[in-house]
Number of protein chains: 2
Amino acid sequence: MAAAAGVSRGTVSRLLNGDKYVSPAARVAIERAISETGYVVNRAARSLVTQRTGSVVMVLSEPHEKLFEDPNYSTLIRVAIRMLAERDLSLVMMMAGDEGDRERVVRYVRGGHADGVLLVSTHAGDPLVEALGSGGPPAVSVGAVIGHENVIPYAAADERLGARQMTEYFVRQGRRRIAMITGPMDTPGGIQRLEGFAEVLGRKATQRLIAHGDWTQASGERAMRELLERSPDLDAVFVASDLMAAGALAALRAAGRRVPDDVAVGGFDDSAVAVSTHPPLTTIRQPLAKMAQETMRLLFALLDGAGPVEPVVLPTELVVRESA
Amino acid sequence: MAAAAGVSRGTVSRLLNGDKYVSPAARVAIERAISETGYVVNRAARSLVTQRTGSVVMVLSEPHEKLFEDPNYSTLIRVAIRMLAERDLSLVMMMAGDEGDRERVVRYVRGGHADGVLLVSTHAGDPLVEALGSGGPPAVSVGAVIGHENVIPYAAADERLGARQMTEYFVRQGRRRIAMITGPMDTPGGIQRLEGFAEVLGRKATQRLIAHGDWTQASGERAMRELLERSPDLDAVFVASDLMAAGALAALRAAGRRVPDDVAVGGFDDSAVAVSTHPPLTTIRQPLAKMAQETMRLLFALLDGAGPVEPVVLPTELVVRESA
DNA sequence: GTGAAAGCGCTAACAT
DNA sequence: ATGTTAGCGCTTTCAC
C-alpha cells in the first residue's frame with residue numbers, strides 16, 4: 001500500500017490518523033492508492049499497538065426470557081449503533097443474565113476487548129458492576145445503577161416526576177381509590193415510580209393498593225388480579241410500564257370492569273404497545289431516544305478523557321389517550 | 001505469562017489452542033499461572049496472525065424507524081448472542097438502512113473485520129448482497145434473501161404453509177369474503193404469504209380483496225381502511241403480521257365492525273402483541289427461536305469449512321385465540 | 001514434547 | 001514533511 005503510493009508506511013499512517021504533517025502531494029498520492037487498491041486498515045494490527053479496540057460493548061443484564069419483551073431495548077440499540085458508527089466504533093452485544101454470562105463479560109472487558117461499556121437494565125446489587133470495577137474502560141448506563149449512582153454516569157428519565165404526573169392526573173380526575181403496579185423493586189424504575197406515586201398520595205398510598213410486577217405483561221395481569229381481590233373498590237391504577245398495563249387491561253376486562261369508566265389505567269413508557277391495546281393507553285412518555293443519546297454522549301466524553309461527568313435526568317410527559 | 005509458568009510462549013499457545021502435544025506437567029504449570037495472573041489472551045494479537053476476528057456481524061437491513069417496531073428481532077439477537085458465546089465469538093451489530101450505512105458494512109466486512117455475516121430482513125435487490133459478494137466471509141440469512149436463495153443459505157418459516165393454514169381456517173369457518181393485508185412485496189414474507197393465501201382461494205382472491213402494508217402497525221390500519229372501502233362486505237381478513245393486525249383491529253373498531261363476529265382477523269408471527277390486543281389474535285406461529293438457531297447452525301457449518309449447506313424451512317402452526 | 005524465532009500490519013518515537 | 005525502526009502479543013514453523 002505504502003509502496004503503491006510511493007511513500008513510506010509512516011506517512012500513510014499519519015494521513016489515516018489525521019496527523020497534520022502530511023504534504024498535499026503525498027495526501028493525493030495516498031488517497032489515489034487507497035481507492036485503487038481498495039485498502040482498508042487492519043484493525044487488529046492497529047489495536048495491537050494502540051491498545052484500543054474500536055468497539056463498545058452493550059451489556060444487557062435482564063434475564064434472557066424477559067429481556068426483549070420490552071420494546072424499549074430496540075431504541076437503545078438503534079441509537080447506540082448510529083452514534084458509535086459516526087465515530088467508527090462498533091457495537092458488540094453481550095448478555096449478563098446468569099453467572100456464566102457475567103463471567104464472560106468480565107473476562108471480555110477486563111481482557112481489554114472493549115473501549116467502553118454500556119450498561120442496560122442493571123439491577124441493584126448486580127455483581128457485574130463490582131467486577132467491572134475501576135481500572136477498566138469507562139462504563140456508563142442507560143438509567144441509574146442503584147448503589148452506584150456516583151460511580152457510573154447515566155442518563156435517565158425523571159422517574160419520580162413521571163409517576164407524579166400520572167398520579168396527579170388521576171387525582172384531578174377525581175379518582176378516589178388509586179392503586180399502583182410497580183416494577184421490580186431492585187430497579188430505579190421500580191423504586192422511583194413508586195416514590196413519585198407515594199409523594200402525591202401521601203398516606204393514601206397503602207400496601208393494599210400496591211402490587212409488584214417484573215415488567216412482563218403476564219406479571220401485570222397477575223398483579224391486577226391481586227389488586228382487584230384486595231381492593232375491589234379501586235377506581236384507578238397506575239402501572240409502571242405499558243407492557244404490564246396491557247396485562248392489567250386484560251385482567252380488568254376479565255373481571256368485567258370497564259376502562260376508563262370503572263377503572264382508569266395509566267401506563268409508563270409510551271412504547272409501541274401503548275397504541276396497540278384497547279383502549280389505547282394514557283401513559284407517561286419517556287424520552288428514550290434522548291436518554292440513549294445522552295448516555296452515548298457521556299460515554300464519548302469519557303472516551304475523550306474528559307474529567308468526571310454528571311448524570312443527566314430528562315423530563316417526562318403525560319400522554320393522554322383513552323384508558324384514563 | 002510464559003515466564004510465570006516457566007515454559008515458552010509457544011507452549012502456552014499450544015495449550016490454549018488445544019494442541020495435543022503438551023505434557024501434563026506443563027499443562028498444570030500453565031493453568032496455575034493463568035489463574036494466578038488472571039491472564040486473558042489478546043484477541044488483537046491473535047487476530048493479526050490467524051486472520052480471524054472472533055466476531056460475527058449481524059446486519060439489519062430495515063430502514064431505521066421501522067426496524068425495531070417488530071419484536072421479532074429481539075429473539076434473533078438473543079439467540080445469536082447465546083450461540084455465538086458458546087463458541088467464544090462475539091456479536092457485532094450494524095445497520096444497513098441507507099447508502100452510507102451499507103458502505104460502512106461493506107468496508108467492515110470486506111476489510112476482514114468479521115468472520116461471518118448474519119443477514120436480517122434483507123429486501124429483494126438490496127445492493128448490499130451483491131457488494132458482499134463472494135470472496136468474503138460466509139454469510140447466512142434469517143429468512144430467504146430474494147433472488148439469492150441459492151447463494152445465501154437461510155433458515156425460514158414455511159410462509160406459504162402458514163398462509164394456507166390461516167386461509168383454510170377461515171374457509172372452514174364458512175367465511176365467504178376473505179381479504180388479505182400483505183407485507184412489502186420485496187420480502188419473502190410479503191410475497192409468499194400472499195401466494196399461500198391465493199393458493200387456497202384461487203380466483204376468489206381478487207385485487208379488490210388485497211391491500212399492502214409495510215409491517216408497521218400504522219400501515220395495517222391504513223390498509224384495513226382501504227379494504228373496508230373497497231369491499232365493505234368482507235367477513236375475514238388475513239393480515240401478514242401481528243403488528244399490522246393490531247392496526248387492522250383499530251380500523252375495524254373505528255368502523256364499528258365487531259371482531260370476530262362481523263369480521264374474523266388472523267395475524268402472523270405469534271409475537272408478543274398477539275396477546276396484548278383486544279381481542280387476542282388468532283395467528284400463525286412462526287418458530288422464530290428455532291429459525292434463529294438453525295441459521296446460526298448453518299453459519300457455524302460454513303465457518304467450520306463444511307461444503308455447501310442446504311436451506312432449512314420450518315413448519316408453522318395455527319394458534320387459535322379470539323379474533324377468529 | 002518443547003524452545004527459539006519469524007512475522008502478522010500497524011503506530012509512534014526518533015532521525016533527518 | 002517524511003523515512004526508518006522498534007515493538008504491540010500472539011501463532012506457527014522449524015529445530016531439537
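Quick note on labels: first sequence line is chain A, next is B, and so on, each numbered from 1.
Counting to the nearest Å, the P atom of C:dC8 and the CG atom of B:N42 are 18 Å from each other. Going from atom CD of B:Q51 over to atom P of D:dT12 covers 11 Å, rounded to whole Å. Going from atom CG of A:L48 over to atom P of D:dT11 covers 12 Å, rounded to whole Å. In this structure, CG of B:L15 is placed 14 Å from C1' of D:dT11, rounded to the nearest angstrom. Between the CD1 atom of B:I30 and the C1' atom of C:dG1 there is a distance of 11 Å, given to the nearest Å.
Judged by distance alone with a 3.5 Å cut-off, a donor-acceptor contact links the side chain of A:R14 to the base of D:dG3.
Nearest nucleotide to the side chain of B:V49, out of D:dT2, C:dG9, D:dT11: D:dT11.
Rounded to the nearest 0.5 angstrom, B:T122 OG1 and B:H148 NE2 are separated by 9.0 Å. Taken from CZ in A:R78 to CG in B:L60, the straight-line distance is 11.5 Å, to the nearest 0.5 Å. Between the OG atom in A:S61 and the NE2 atom in A:H123 there is a gap of 7.5 Å [rounded to 0.5 Å]. Rounding to the nearest 0.5 Å gives a distance of 8.0 Å between CE of A:M58 and CD1 of A:I81.
In this structure, B:S8 reaches the C:dG3 phosphate: one of its side-chain N or O atoms is under 4.0 Å from OP1 or OP2. Taking 4.0 angstrom as the limit, B:T50 places none of its side-chain polar atoms (N or O) nearer than this to OP1 or OP2 of D:dT11. A sub-4.0 Å separation between OP1 or OP2 of D:dA1 and a side-chain N or O of A:S23 is absent. Taking only side-chain nitrogens and oxygens, A:N17 comes nearer than 4.0 Å to OP1 or OP2 of C:dT11.
At the heavy-atom level, A:A44 lies nowhere under 4.0 Å from the strands shown. Within 4.0 Å of B:S13, counting heavy atoms only, lies at least one base atom of the nucleic acid. If you check every strand for non-hydrogen atoms under 4.0 Å, A:V22 touches sugar and phosphate atoms only. Across all strands, A:V41 comes closer than 4.0 Å only to sugar-phosphate atoms, never to a base (heavy-atom distances).
Of all heavy-atom pairs between A:E310 and A:L298, the closest is O-CD2, 3.6 Å.
If B:V7 and A:V12 are placed on DNA chain C by their nearest nucleotide, the residue sitting closer to the 5' end is B:V7.
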